[in-house]
J.: 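First, the structure itself, so that you have it in front of you.
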Amino acid sequence: MPHDLPKSYEPGAIEARWADYWIREKLFSVKTPPPGEKRPVFTLLLPPPNVTGRLHMGHMLNQTQMDIIVRWHRMRGFLTLWLPGTDHAGIATQMMVERQLAKEGKRREDMGREKFMERVWEWKRQYGSAITDQMRRLGASVDWDREYFTMDENLNRAVREVFVRLYEEGLIYRGKYIVNWCPRCGTAISDLEVKHEEVPGKLYEIRYPVVGSNEFITVATTRPETMLGDTAVAVNEKDERYTHLHGKNVLLPLVNREIPIITDELAQPEFGTGAVKVTPAHDPNDFQAGLRHNLPQIDVMDEHAHMNQNAGAYVGLDRYQARKRVLEDLREQGFLVGEKDYTIAIGKCDRCGSVVEPRLSTQWFIKIAPLAERATKVVENGEITIVPENYKTIYLNWMNNIHDWCISRQLWWGHRIPAWHCSCGEIIVSRETPTTCPKCAKATLTQDRDVLDTWFSSGLLPFTTLGWPEKTRDQEVFYPNTLLITGFDILFFWVARMFMLGCHFMDGHKQDAAIKQASGWGEKKDDSVPFRQVYIHALVRDAERQKMSKTKGNVVDPLEVIERFGTDATRFTLAAMAAPGTDIAFNESRTEGYRAFANKIWNAARFMFMNVDRIEPGLRPGCAAESGRPHVGVVDFQAATLEDCWILSRFNRVAKDVNAALETYRFHEAANSIYDFFWGEFCDWYLELIKPRLAEGADPNTARVACSNLVSLFEAALRLLHPVMPFITEEIWQAVYDGKPPVRSIALAPYPQADKKQMDAAAETRMAVLQDLIVNVRNVRAELKVEPKQRVPIQVFAHEPEIRKLFEENQGAVERLANVERVEFADASLAKVAGARHTARFDMHVIYEKKIDIAAERDRLSKELEKIEREIANGQRQLGNEQFLAKAPAKVVEGLRNRTQELQVLREKTSSKLGELK
RNA sequence: AGGCCCGUAGCUCAGUUGGUCUAGAGCGCUUCCUUGACACGGAAGAGGUCGAUGGUUCGAAUCCAUUCGGGCCUACCA
């Protein structure tokens with residue numbers, strides 16, 4: 001077939017074509033294997049993006065890393081399940097649809113719950129696949145046949161089951177507590193959804209008159225408007241300033257309510273005046289104190305943080321207006337006695353940014369301690385490995401201070417809480433909708449209005465996506481999930497919750513023993529954990545290391561980057577920059593560089609095809625294997641020459657490095673190894689070296705071998721690169737097989753593994769010396785400003801016969817790559833010849849009439865000599881140190897000894913030459 | 001308040017348990033080259049006392065302490 005590829009690589013159409021092909025062919029769909037199968041299994045759960053989401057760099061980093069690991073496993077013969085889905089994203093989606101409604105002049109309250117829900121589903125049907133369509137474009141090799149949505153009927157059933165079980169076990173309770181309340185969203189939110197911020201504020205001192213005396217007691221507060229709900233003033237029992245007031249009452253200003261002075265540890269003598277107002281309905285600490293002293297709870301605000309009837313004259317005012325008015329009135333009436341600048345910590349709603357109000361309300365909670373205990377243990381004892389390890393510390397730290405989790409939300413969009421209220425006050429928690437109240441037998445039941453926190457359902461995904469609560473074969477095979485790859489920003493929101501809920505609900509579960517063994521997890525004891533390993537990656541920032549955010553306007557749109565440079569180049573950028581544990585400052589110039597890399601690969605392929613078409617048009621490399629087969633390195637390679645032995649050896653070493661790097665999620669090392677190999681060794685040296693063998697007029701047999709080797713090596717290199725750059729590798733690989741590949745896709749071909757038999761350390765060393773000679777000649781030519789086209793003779797003195805032989809055998813290579821006219825071999829050192837170069841293994845001299853710049857040469861040499869001497873001195877000092885000889889490993893001592901010897905040879909030559917020049 | 005991370009070439013970053021690190025890469029920069037795969041290319045080069053100080057060690061960019069600078073996370077103290 002004619003391989004007339006365009007001169008430069010155009011990713012757009014090619015990528016779209018293969019992305020479609022992979023989906024159409026269902027290449028990544030996984031059939032559940034029957035019992036008895038011993039194949040290794042790899043399971044990965046996609047962190048479900050919000051249905052409302054648009055692909056951002058964080059997603060892309062996450063998905064690139066996952067896809068690399070997934071493709072790598074698949075090519076190594078694992079039965080690889082990557083399970084995709086989207087999250088219904090309670091608040092985000094509801095807000096999105098409400099905004100849409102607002103444009104039509106409608107409000108959800110007017111529509112009613114049912115109509116609104118229909119509308120959200122409508123929205124989902126229309127726009128809900130935007131983000132997954134974008135994933136398809138990335139080439140994410142997920143099993144689309146198993147795609148889920150967290151509001152799917154089967155997942156909803158599982159959610160109800162979980163809720164009921166936890167309730168029955170006493171791990172879910174309902175109660176009236178202070179929760180974080182967002183006045184804009186109109187719902188409770190969990191501790192995690194509150195973002196803390198420090199802002200300058202004021203600390204106000206207000207004096208309360210003590211009843212039955214003309215004394216005052218002065219309290220300090222940052223939130224004077226809440227005084228309207230005060231039900232006590234607390235002082236510390238040990239605080240002698242207030243001992244005489246114990247048991248007395250004060251008259252609450254503005255409201256004229258009598259409230260007691262109590263003693264409680266809430267009041268700390270060192271702070272402010274040592275006396276503190278107690279507002280049980282508006283502060284979590286005060287709430288606790290209120291319970292201790294049985295104080296009334298007076299809520300003075302409504303759900304939008306406006307003052308209610310309990311606020312008397314202030315009713316209807318927003319909390320900040322109320323603060324202003326309260327302060328004015330207090331000042332006017334002489335109660336405000338102090339006002340200090342003070343930094344206050346405020347909490348803002350993660351979603352909408354409104355200041356969160358601690359609010360007394362009835363909510364559903366999960367008693368977290370028993371779940372946390374188990375989830376802590378499995379990380380401590382290594383049943384779940386968290387990588388990098390510092391996230392393990394962060395996780396354990398958080399688990400040790402974890403609070404009960406408020407799971408109810410006052411929203412409409414989400415999993416409805418499976419609880420029904422009877423007019424008699426009874427609450428029925430049930431899997432199915434109950435018809436009558438078991439207590440009073442009335443049929444007037446209404447379902448709880450609240451829905452569950454979105455993270456409640458996503459916390460169950462590791463097992464609910466595998467058919468739970470049914471006992472399924474999928475669970476035996478795929479649970480525990482092998483790995484989770486996610487960002488640290490949802491470590492607590494999601495990861496920790498999955499640990500807790502997974503261990504709890506899959507307690508006692510056993511993975512299919514044969515599969516567990518084959519997958520390499522034989523040593524793990526606990527199969528209830530949701531994952532064997534969790535890899536946490538960092539954030540993608542902009543080039544200035546700023547967090548990307550819409551408000552800052554510094555968001556880099558991955559699709560735009562892809563548009564310009566290609567998906568492969570963008571993926572490669574993220575992989576090459578993803579050193580574990582560090583944030584990625586996304587830099588477009590890198591992507592530009594990797595587009596050039598793709599182009600380089602493309603042109604190397606053009607070169608290959610050009611030769612195949614001319615030399616042996618029917619040539620196909622021998623990779624007829626499916627993934628998992630043993631012959632997975634370079635196939636049918638006849639190492640005939642030094643460069644053949646060398647490149648084969650290098651390939652295997654690189655394959656070894658890449659596999660090792662991926663094993664520990666060092667994506668950047670994997671990417672860079674391949675890059676350096678492909679460009680710096682394969683293209684820059686190997687292709688140049690074999691050109692004479694391929695050239696027209698060369699011996700046909702030699703040409704055939706060279707051509708076949710080239711194709712074999714290229715084919716293997718494509719497989720090595722495929723997980724990182726899936727598109728270009730597929731395109732060229734298919735072309736290598738002329739559109740009739742042994743398997744449907746390179747994604748199903750075996751991944752290269754290092755083969756010791758193909759490694760040749762001697763060839764690598766010999767090649768290094770040859771390269772050294774060539775580079776030296778080029779170097780001298782540049783210094784002498786020899787015309788680029790002019791070929792020059794050189795003179796070489798080799799210290800050892802083998803080196804001379806090496807140069808003789810590869811004379812042609814030297815002549816071509818260094819533009820040398822002929823190589824003359826000298827019998828004695830050339831060190832003293834002006835302009836000569838020398839290394840520990842050879843001396844070299846370019847024969848050229850142009851005079852060398854003696855002064856410049858002298859400068860260069862004395863600089864060099866200085867450096868050599870410094871290093872020799874350093875080496876000798878160490879080698880003369882007995883402690884070093886005794887303690888350092890033999891390899892290090894040996895290396896230093898050799899190095900020092902070489903340096904001494906160099907020093908001799910350099911100094912004698914320098915003497916010559918003076 | 002507690003915890004975590006970062007500070008290496010002009011810029012963006014690598015540098016796994018301290019030992020061929022004689023500190024690397026990409027981009028940028030300088031000089032030269034359109035040679036039949038590729039100018040998204042090739043060849044050669046300049047550029048860093050690894051934030052600072054002190055310590056541990058035969059040996060430190062790498063470990064410890066202090067300090068300066070930058071970022072992040074968690075936290076119910078008025």
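Just so it is clear: chains get the letters A, B, ... in the order the sequence lines come, proteins before strands, and each one is counted from 1. This is a predicted model, so every value here is computed, not measured.
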J.: Please evaluate residues A/Tyr208 and A/Ile261 with respect to the criterion side chain to side chain contact (heavy atoms under 4.5 Å, CB included), reporting the C-alpha separation (whole Å), side-chain torsions for both, the decisive distance (0.1 Å), and the verdict.
T.: CA-CA 11 Å; A/Tyr208 292 179; A/Ile261 296 173; over 6 Å; no
J.: Where does the angle between the aromatic ring planes of A/Phe682 and A/Phe677 fall among parallel (under 30°), tilted (30 to 60°) and perpendicular (over 60°)?
T.: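 Plane angle under 30°, so parallel.
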J.: Give me the ring orientation class for A/Phe597 and A/Phe678: parallel if the planes are under 30° apart, tilted from 30 to 60°, perpendicular past 60°.
T.: perpendicular
J.: Would you please say whether a donor-acceptor pair under 3.5 Å links the side chains of A/Thr218 and A/Glu205?
T.: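 No, no side-chain donor-acceptor pair sits under 3.5 Å.
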J.: According to the Watson-Crick and G-U wobble definitions, with both distances under 3.5 Å, which nucleotide is paired to B/rU16?
T.: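 Matched B/rU16 with nothing under the 3.5 Å cut-off.
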J.: What is the distance, rounded to the nearest whole Å, between atom CG of A/Asp684 and atom P of B/rA44?
T.: 9 Å
J.: Do A/Phe492 and A/Tyr395 make the cut of ring centroids closer than 6.0 angstrom?
T.: no
J.: How far, in whole Å, is B/rG70 from B/rG28 if one measures between their C1' atoms?
T.: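 These two C1' atoms come out 24 Å apart once rounded.
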J.: Please pick, from B/rC77, B/rG59, B/rC72, the nucleotide with the shortest atom-to-atom distance to any side-chain atom of A/Phe488.
T.: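 Nearest listed nucleotide: B/rC72.
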J.: Report the distance from atom CD1 of A/Ile394 to atom P of B/rC72, rounded to the nearest whole Å.
T.: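 Interatomic distance, CD1 of A/Ile394 to P of B/rC72: 15 Å.
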J.: Establish whether the base of B/rC58 is bridged to the side chain of A/Lys887 by a donor-acceptor pair shorter than 3.5 Å.
T.: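 No.
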J.: For A/Tyr675, answer base if it contacts any base atom (sugar-phosphate contacts may also be present), sugar-phosphate if it contacts only those atoms, and nothing otherwise; contact means non-hydrogen atoms under 4.0 Å.
T.: sugar-phosphate
J.: How close or far is atom P of B/rC58 from atom CD of A/Glu894, stated in whole angstroms?
T.: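 Whole-Å distance recorded here is 22 Å.
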J.: Which whole-number value in Å describes the distance from A/Glu588 CD to B/rU12 P?
T.: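 Spelled out: CD on A/Glu588 to P on B/rU12 is 15 Å.
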J.: Name the residue closer to the 5' end of RNA chain B, choosing between A/Ala596 and A/Leu896 according to the nucleotide with the nearest heavy atom.
T.: A/Leu896
J.: Which listed nucleotide (B/rG19, B/rA75, B/rC72) is nearest to the side chain of A/Pro889?
T.: B/rG19
J.: Who is the Watson-Crick or G-U wobble partner of B/rU49, with both distances under 3.5 Å?
T.: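 Checking every strand shown, B/rU49 finds no partner, since no pair has both distances under 3.5 Å.
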J.: Mapping A/Arg595 and A/Thr221 to their closest nucleotides on RNA chain B, which lands nearer the 5' end?
T.: A/Arg595
J.: Between protein and nucleotides 29-36 of chain B, map the contacts as a letter string: B base, S sugar-phosphate only, - none, heavy atoms under 4.0 Å, written 5' to 3'.
T.: ---SSS--
J.: Roughly how many Å is it from CG in A/Asn819 to C1' in B/rG42, rounded to a whole number?
T.: 12 Å
J.: Side chain to side chain contact (heavy atoms under 4.5 Å, CB included) between A/Phe607 and A/Lys691: does it pass, once the steps are laid out?
T.: CA-CA 10 Å; A/Phe607 175 75; A/Lys691 275 178 183 172; 3.7 Å; yes
J.: Grab the CD-P distance between A/Glu592 and B/rG26 for me, whole Å please.
T.: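 One finds 14 Å between P of B/rG26 and CD of A/Glu592, rounded.
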J.: With P as the reference atom in both, quote the distance from B/rG24 to B/rG15 in angstrom, rounded to an integer.
T.: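 Comparing P positions in B/rG24 and B/rG15 gives a spacing of 15 Å.
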J.: When you measure from the side chain of A/Ala782, which nucleotide among B/rA37, B/rA44, B/rG19 comes out closest?
T.: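 Given the options B/rA37, B/rA44, B/rG19, the side chain of A/Ala782 is closest to B/rA44.
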J.: Any chance the side chains of A/Glu193 and A/Ser190 put a donor and an acceptor closer than 3.5 Å?
T.: yes
J.: Only pairs with both distances under 3.5 Å count, Watson-Crick or wobble alike; so what is the partner of B/rA23 in this structure?
T.: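 With both distances under 3.5 Å required, B/rA23 matches none.
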J.: Where the side chain of A/Glu688 is concerned, which of B/rU74, B/rC38, B/rG19 is the nearest nucleotide?
T.: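 For the A/Glu688 side chain, the nearest candidate turns out to be B/rC38.
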J.: Determine the Euclidean distance between corresponding C1' atoms of B/rU34 and B/rG42; express it in Å to zero decimal places.
T.: 10 Å
J.: B/rG2 pairs with which nucleotide, Watson-Crick or G-U wobble, both distances below 3.5 Å?
T.: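 Matched B/rG2 with B/rC73 under the 3.5 Å cut-off.
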J.: Looking only at side chains, do A/Asp191 and A/His403 share a donor and an acceptor under 3.5 Å apart?
T.: no
J.: Expressed as a whole number of Å, how far does the C1' atom of B/rU22 sit from that of B/rU49?
T.: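 One C1' to the other, the span is 15 Å.
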J.: Select base, sugar-phosphate, or nothing to describe what A/Arg778 touches, counting heavy atoms under 4.0 Å on all strands.
T.: sugar-phosphate
J.: Mind checking the C1' distance from B/rU17 to B/rC32? Whole angstroms is fine.
T.: 45 Å
J.: Indicate whether any N or O donor in one side chain lies under 3.5 Å from an N or O acceptor in the other, for A/Asp676 and A/Asn672.
T.: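 No donor-acceptor contact under 3.5 Å links the two side chains.
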J.: Given B/rG26, is OP1 or OP2 found less than 4.0 Å from the side-chain N or O atoms of A/Arg590?
T.: no
J.: Tell me: OH of A/Tyr395 to P of B/rC73, nearest whole Å?
T.: 20 Å
J.: Closest to the A/Asn390 side chain: B/rC5, B/rC38, B/rG19?
T.: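 Closest nucleotide among those given: B/rC5.
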J.: Work out how far the P atom of B/rC76 is from that of B/rC64, and round it to whole angstrom.
T.: 31 Å
J.: Can you tell me the base-pairing partner of B/rA37? Count Watson-Crick or G-U wobble geometry only, both distances below 3.5 Å, and say none if there is no partner.
T.: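 Partner of B/rA37: none found under 3.5 Å.
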J.: Please enumerate all residues that pass side-chain contact (heavy atoms from CB on, under 4.5 Å) together with A/Ala596, with sequence neighbours excluded.
T.: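 In terms of side-chain contact (heavy atoms from CB on, under 4.5 Å), with neighbours along the sequence ignored, A/Ala596 is linked to A/Trp679.
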J.: A/His537 has an atom NE2; how far is it from atom P of B/rC5, in whole Å?
T.: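 These atoms are roughly 18 Å apart.
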J.: Which of these nucleotides, B/rC73, B/rA75, B/rG42, is closest to any side-chain atom of A/Trp679?
T.: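 For A/Trp679, the side-chain atoms sit closest to B/rG42.
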J.: For B/rU30, which nucleotide is its Watson-Crick or G-U wobble mate, given both distances must be under 3.5 Å?
T.: B/rA44
